[in-house]
S.K.: 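Here it is: the structure, laid out below.
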Amino acid sequence: MIQRLSHATIYVLDQDAAYDFYVNKLGFEVRTDARMDNGFRWLTVGPKGQPDLEIALMPTTPGHKMDQETSDMLRNLIRKGVIGVGVLEAADVQKTYEELKARGVEFSQAPQERFYGIEALFKDDSGNWFSLTQRLEPAAKTSEA
């Protein structure tokens, strides 16, 4: 039986620039930064509060499973900002928004209230976009007498 997701992949245009963005701007930890014999760099990061998740910052260069045509198409999609990578949660989206904006993170949407919580949208240095979300507190259960 599957127990959890341990790794996820984000395709990036430049691993060095992505390292800087995810570590120095978002505050993620480096989990692995190793080079294989063939020169391939295995670079993973993750949020400090979630040590069991590794996010692979995968280059979009042709190689093992990607030919030049696929690489070019993927790079174009990333640059256009049409790839939504996921939702990152924060306890206080407004505060996190201000902190990340001060570090140079580009937001396409300031925090707004939604039916599920407060959400802001931002892009990484490659063009992948994320939702930064603060979940609504669950409604208190009431008991009937």
Side-chain angles (χ1 to χ4, degrees), residues 1-140:
M1 172 164 308
I2 297 172
Q3 296 178 330
R4 64 187 176 90
L5 176 67
S6 66
H7 290 71
T9 299
I10 297 174
Y11 284 99
V12 297
L13 301 179
D14 178 293
Q15 279 185 311
D16 290 330
Y19 179 105
D20 181 58
F21 180 85
Y22 285 88
V23 173
N24 298 322
K25 291 188 178 178
L26 294 187
F28 284 12
E29 295 176 323
V30 175
R31 303 284 161 79
T32 307
D33 191 355
R35 294 217 182 253
M36 310 279 198
D37 291 339
N38 62 2
F40 176 80
R41 183 180 184 188
W42 179 249
L43 174 60
T44 68
V45 298
K48 291 178 181 177
Q50 195 174 8
D52 62 341
L53 174 65
E54 292 191 51
I55 300 168
L57 301 177
M58 193 66 63
T60 55
T61 52
H64 175 63
K65 293 192 175 200
M66 191 179 319
D67 60 19
Q68 186 66 53
E69 180 183 5
T70 303
S71 172
D72 292 343
M73 284 190 295
L74 181 56
R75 291 175 72 80
N76 285 333
L77 290 171
I78 293 168
R79 281 188 191 109
K80 286 182 178 184
V82 297
I83 297 180
V85 177
V87 177
L88 300 173
E89 291 188 3
D92 184 336
V93 165
Q94 185 64 44
K95 180 180 177 185
T96 304
Y97 166 80
E98 297 296 339
E99 290 170 351
L100 294 179
K101 199 169 175 186
R103 292 182 196 159
V105 175
E106 179 185 337
F107 280 83
S108 58
Q109 175 190 293
Q112 295 181 7
E113 288 191 33
R114 304 279 188 216
F115 71 91
Y116 46 83
I118 301 170
E119 177 187 56
L121 299 177
F122 72 90
K123 292 192 291 186
D124 71 6
D125 65 301
S126 291
N128 297 300
W129 64 270
F130 293 86
S131 167
L132 176 64
T133 300
Q134 176 182 337
R135 289 188 195 205
L136 286 178
E137 293 295 323

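Side-chain atoms are counted along with the backbone in the values below, which use heavy atoms only and exclude waters and symmetry mates. When a residue number appears, it is its place in the shown sequence, counting from 1.
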S.K.: Is the shortest heavy-atom distance from the side chain of Tyr97 to the side chain of Val105 under 4.5 Å?
M.R.: no
S.K.: Can you give me the closest heavy-atom contact between Ala91 and Gln134, atom names plus distance?
M.R.: O-CD, 3.2 Å
S.K.: Between Asp20 and Lys25, is there a salt bridge with N-O shorter than 4.0 Å?
M.R.: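 Looking at Asp20 together with Lys25, the answer is no, because their closest N to O distance does not fall below 4.0 Å.
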S.K.: Using side-chain heavy atoms (C-beta onward) and a distance below 4.5 Å, is Leu88 in contact with Phe122?
M.R.: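 Heavy-atom side-chain distance check passes, below 4.5 Å.
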S.K.: Can you list, pair by pair, the side-chain donor-acceptor contacts under 3.5 Å of residues 112-119, counting residues two or more places apart and other chains?
M.R.:
from: Gln112; atom 1: OE1; to: Arg114; atom 2: NH1; distance (Å): 3.4
from: Gln112; atom 1: OE1; to: Arg114; atom 2: NH2; distance (Å): 2.9
from: Arg114; atom 1: NH2; to: Gln109; atom 2: OE1; distance (Å): 2.9
from: Tyr116; atom 1: OH; to: Glu119; atom 2: OE1; distance (Å): 2.8
from: Tyr116; atom 1: OH; to: Glu119; atom 2: OE2; distance (Å): 3.3
from: Glu119; atom 1: OE2; to: Ser131; atom 2: OG; distance (Å): 2.6

S.K.: Please tell me if the side chains of Met58 and Phe40 come closer than 4.5 Å, counting only heavy atoms from C-beta onward.
M.R.: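 Met58 vs Phe40: side chains touch.
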S.K.: Tell me whether the count of non-hydrogen atoms from other residues, nucleotides or ligands lying under 6.0 Å of CZ in Arg79 goes above 12.
M.R.: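 Yes, the 6.0 Å shell around CZ holds more than 12 heavy atoms from other groups.
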S.K.: What is the ring orientation for Tyr22 with Phe28, classed by angle as parallel under 30°, tilted 30 to 60°, or perpendicular over 60°?
M.R.: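 Because their plane-to-plane angle lies in the 30° to 60° range, the rings of Tyr22 and Phe28 count as tilted.
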S.K.: What distance do Lys123 atom NZ and Ile78 atom CD1 have between them, rounded to the nearest 0.5 Å?
M.R.: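 Atom-to-atom, Lys123:NZ and Ile78:CD1 are 12.5 Å apart.
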S.K.: So Glu29 and Lys48, salt bridge (Lys or Arg N to Asp or Glu O under 4.0 Å) or not? Walk me through it.
M.R.: CA-CA 6 Å; Glu29 295 176 323; Lys48 291 178 181 177; 5.7 Å; no
S.K.: Can you check whether Tyr11's main-chain N or O pairs, donor with acceptor, with Asn128's side chain at less than 3.5 Å?
M.R.: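 Looks like yes, one N/O pair under 3.5 Å.
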S.K.: How long is the span from the OG1 atom in Thr70 to the CZ atom in Arg75, to the nearest 0.5 Å?
M.R.: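 Rounded to the nearest 0.5 Å, the OG1-CZ separation comes out at 13.0 Å.
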S.K.: Quick check: closest heavy atoms across Trp42 and Ala56, and the distance to 0.1 Å?
M.R.: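 Nearest heavy atoms, Trp42 then Ala56: CH2-CB, 3.8 Å.
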S.K.: At what distance, to the nearest 0.5 angstrom, does CG of Leu100 lie from NZ of Lys95?
M.R.: 11.5 Å
S.K.: Output yes when a side-chain donor or acceptor of Ser71 lies under 3.5 Å from a complementary backbone atom of Thr60, and no otherwise.
M.R.: yes
S.K.: Is there a side-chain contact between Phe107 and Leu132 in this structure, where contact means two heavy atoms from C-beta onward sitting under 4.5 Å apart?
M.R.: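 The answer is yes; the side chains approach within 4.5 Å.
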S.K.: Where is the tightest heavy-atom contact between Pro47 and Ile55, given as atom of each residue plus distance?
M.R.: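 Residues Pro47 and Ile55, closest heavy atoms: CD-CD1, 4.4 Å.
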S.K.: For Asp14 and Asp16, work out which heavy atoms get closest and say how close.
M.R.: OD1-N, 2.9 Å
S.K.: Which value, rounded to the nearest 0.5 Å, describes the distance between Leu77 atom CG and Asp72 atom CG?
M.R.: 11.0 Å
S.K.: Spell out, as yes or no, whether a donor-acceptor pair under 3.5 Å connects the side chain of Arg31 to the backbone of Leu53.
M.R.: yes
S.K.: About how many Å separate CG of Leu43 and CD1 of Ile10, when rounded to the nearest 0.5 Å?
M.R.: 10.5 Å
S.K.: Between Gln15 (side chain only) and Leu57 (backbone N and O only), is there a donor and an acceptor less than 3.5 Å apart?
M.R.: yes
S.K.: Considering all heavy atoms of both residues, which atom of Met66 and which atom of Leu74 are nearest to each other, and what is their separation?
M.R.: CE-CD2, 3.9 Å
S.K.: Tell me whether Thr32 contacts the main-chain N or O of Thr44 through its side chain, where contact means a donor paired with an acceptor under 3.5 Å.
M.R.: no
